[in-house]
Amino acid sequence: MRSLRVLSGVLLATTMMPVVMAAVLADVEIPSDEASLQRGAQLATSVCLGCHGFKYLRFGNLQALGFSDEQFDSLRAGQDLDAALDSYTPADVARDLYGVVPPDLSLMAKAREGGPHHVYTLLTSYYTDESGVTDNHLLPGVRMPDVLGYSSAATPGERTELERQALDVVAFLSWAADPKVEQRERLGYFVLGYLVLFAALLYVLKRRIWARLG
Amino acid sequence: MASTLLAWINRRFPFTSFVRNELTDYPVPRNLSFWWNFGFLAGFVLLLQIVSGVFLAMHYKPDVNLAFDSVQHIMREVEYGWLIRYLHSTGASAFFAVIYLHMIRTLYYGSYRAPRELMWWSGQVLLLLIMATAFMGYLLPWGQMSYWGAQVITSLFGATPMIGEELVLWLRGDYAVGDATLNRFFALHYLVPFVLCVMVLIHLVALHHVKSSNPSGIDLAAKDNIPFHPYFTIKDLFGMVVFAVMFFAVVFFAPETFIEEANNVPADPLQTPPHIVPEWYFLPFYAILRAIPDTLGGAAAMTVSVLIFAAMPLLDRSSLPGGARYRPVYRAMFYLFVMDVLVLGYLGTQAPEAWVVVVGRVATIIYFSIFLLLPWVSKIEERWLRRRGLPTALQATMASERRQKASGV
Amino acid sequence: MADTDEADAGRRDFLTTTTTIIGAAGAAAACWPFVVSMNPTPGVRAQGAASLPLDGIPPGAIRTVAWRGKPVFVFHRVPEQIAKADSSQGGKDPQPDAERVQDAAWLVVVGLCTHLGCVPNKTADGWLCPCHGSVYDNSGRILSGPAPRNLDIPPYTISADGTLMIG
């Protein structure tokens, strides 16, 4: 009967779980320009890597983002081109420190409902209440600290700057989750163009052939 | 030289006569609409799935510690690996889309009726094999949705009376879905498509024996048939390329449409994702499963809801030819059925709140009632139609059928 | 009348030919991603280099290192072995020993028989391939047996601090 309990548990869980509604996620345009991606990569390697890793990315992959040689050298800080972007905090240390291993970020931009919008909303939903406790509107009680310092931003200008940083990070995360997107879409236009042309030829040919039947 | 070789072969193997009888000169009703394209398309998608699957298997590793990583290896390191994987994941959905449209045509035009029962039944076996293959293949990326989908569906077998618990253990080879499960699902996911090919061959042999049905619902006289080549080679080819435009639009511009977010998180046996939904092609059956408050009853209802299609040739007792075209009541039931399936599919995506459960039960009752009432409805409809006077077009059709029978064509 | 029919037939032929060629070209192009998916991935290509410190290998000893998935023999030869190797040109693939080494004390060869790729076993005077009996001397040169050429020399350098870099 154990498996039946698992089954009913799962069926029940689908009823109880609050579904994160897309409506609460910030409706922002995720940039994909080179400048945003480069700034995002710099934030990711200097800030995110403190706790999270990108195990499916190698430092060499970052060259695709169009860095100059000096920029790239300072970014990789002596790391081997074949080295993965591992977290500066090893998994076992992280487990001791936080109780959990912070999730890998390679696929984060497509691992949550809402994708990059989820991450952007998370980064810009930190607030500090009257008693001085910092929490998050999107994921109350989230263990990740307010790394961008959004909750302590004093002026709208500061907030705008942090929102831009969040966008840069999210742009980089989207690229990291799908680094082939550019190659894919370029090939896609070519293939679809070919297929439409071929379909048109076949259509004319079909008309001609069927016309023989009168 | 070529003709000598051909003659040599033909003395030993009926090559030329096979090509002539089954491909080039094979007679096909000239009045087929585009609805008759989907069988050819299903064959195309099957080929695509086998080719892309074999190439994925060259890089995939069926091991709980390596499976998720190996998929990312395919997506990032293997040249065009992303394309081959997206072809395969999109191809699975395309397969069901094509097969369901193929079935809808069969139901609407009554193509399941005598003498095509064996075609329909071999098609039903194909559907079951495709479902099994898709279900096992879905475990292989070893994401959260893969894991919990397999966990839930294998748990269903636990509802089997007496041996349920042992059966689940045997299916999984482990106390929960684990390494043993992943390995056997991979082995079978690779094997079953070849069994499927044999079944396709049987389906085609039956087709070439009874010939294609057509929108009129009766078999045409010889003069209304045209050779497959060039008329249907060009028509099927054109249909295939139109299909390819839609298919590749998804592959290149929206390939993650059929990959849930939760499946981009590695499987975690200790945590169920918040929103478990099966793939779209299982949603109506999933809704029927959830509509029944009892696990055994739900599993049984879900199984029957798939198998019941096979009973159609027995349930439809009308002696009027064809399907929905000349039979208004049958047509109404057909459209009711399609809408009911769409409603069930929508309910399958929703968390089972009170209204979802109620509507789900009503839709489930309608689903089964349509099948179970058909024997009476088809008879009553026939009596009513005959009393009212058959439509002229139908009378002409039936007269031509009688003439053919009399002249022994 | 006949004219238009012929013109029509000509056009149809042109159309059929064009469509067939375009279709065949598309089918051929569709094979390409599958073919190149079988190439070595960047991770595999990155394994192209191997290194080994030489100071731990006593004279007369041999170390085997993996380079691109193949064994490479690193043989620390003693003076008698060097002298013997130097005194001959080998067998069916004659080559002076000096051309086969950068430093006469260190012989570095790919440890795969040039016949069908088995790993030869060390003997007192060289190597013997267990598969089909090819015999090599202490310079890795083929003396007898079916192997067509001497054992291959991988690209390598020996740095000033005594580290062997292969690849």
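We use all heavy atoms of the structure for the numbers below, so side chains are in, but hydrogens, waters and symmetry mates are not.
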- [ ] Would you mind checking which part of A:Lys180 comes under 4.5 Å of any heavy atom in chain B, side chain (CB onward), backbone (N, CA, C, O), both or neither?
- [x] side chain
TODO: Over all heavy atoms of both residues, which pair between B:Ser89 and B:Ile259 is shortest? Give the atoms and the distance, please.
DONE: OG-CD1, 4.0 Å
Task: Proximal component of B:Phe243, with respect to chain A [non-hydrogen, under 4.5 Å] - done: neither
Open item on the list: Between A:Tyr126 and A:Tyr150, is the ring centroid distance below 6.0 Å?
Closed with: no
- [ ] Could you check A:Asp73, A:Leu75, A:Leu37 and say which one makes a side chain to side chain contact (heavy atoms under 4.5 Å, CB included) with A:Phe67?
- [x] A:Leu75
Open item on the list: Please give me the minimum heavy-atom distance between B:Arg85 and B:Pro141, naming the atom from each residue.
Closed with: NH2-CB, 4.4 Å
Open item on the list: Tell me which of these, A:Leu213, A:Leu201, A:Val196, has more heavy-atom pairs under 4.5 Å with chain B than the rest.
Closed with: A:Leu213
- [ ] Let me know if B:Glu77 has heavy atoms under 4.5 Å from chain A in its side chain, its backbone, both or neither.
- [x] side chain
- [ ] Please find out if less than 6.0 Å separates the ring center of A:Trp210 from that of B:Phe232.
- [x] yes
Open item on the list: Please report the interatomic distance CG(B:Asn37) to NZ(B:Lys235), rounded to the nearest 0.5 Å.
Closed with: 6.5 Å
TODO: Of all the heavy-atom pairs spanning A:Lys110 and B:Glu256, show the shortest one and how long it is.
DONE: NZ-OE2, 2.7 Å
TODO: Considering non-hydrogen atoms only, spot the tightest contact between B:Ala249 and A:Leu192 and give its length.
DONE: N-CD2, 3.8 Å
Task: Heavy-atom proximity to chain A below 4.5 Å, by part of B:Pro255 - done: side chain
Task: Sequence-distant partners of A:Gln79, side-chain hydrogen bond (donor to acceptor under 3.5 Å, both in side chains), two or more places apart - done: none
Open item on the list: Measuring centre to centre across the rings, with the benzene-like ring taken for any Trp, is A:Tyr194 within less than 6.0 Å of A:Phe198?
Closed with: yes
- [ ] Check whether B:Val356 gets within reach of chain A through its side chain, its backbone, both or neither, counting any heavy atom under 4.5 Å.
- [x] neither
Open item on the list: Testing the basics here: between B:Ala67 and B:Trp142, what is the closest heavy-atom pair and its distance to 0.1 Å?
Closed with: CB-CB, 3.8 Å
- [ ] With a 4.5 Å heavy-atom cut-off (strictly below), which parts of residues 42-59 of chain A touch chain B? List them by number.
- [x] A:Lys55, A:Tyr56, A:Leu57, A:Arg58
Open item on the list: For chain A, which candidate among B:Phe248, B:Tyr86, B:Trp82, B:Phe157 shows the most heavy-atom pairs at distances under 4.5 Å?
Closed with: B:Trp82
Open item on the list: Need one label for A:Tyr189: side chain, backbone, both or neither, based on atoms under 4.5 Å from any heavy atom in chain B.
Closed with: both
Open item on the list: For chain B, which candidate among A:Pro103, A:Ala176, A:Gly115, A:Gly114 shows the most heavy-atom pairs at distances under 4.5 Å?
Closed with: A:Ala176
Open item on the list: Less than 4.5 Å to any heavy atom of chain A: does that hold for the side chain of B:Asp69, its backbone, both, or neither?
Closed with: both
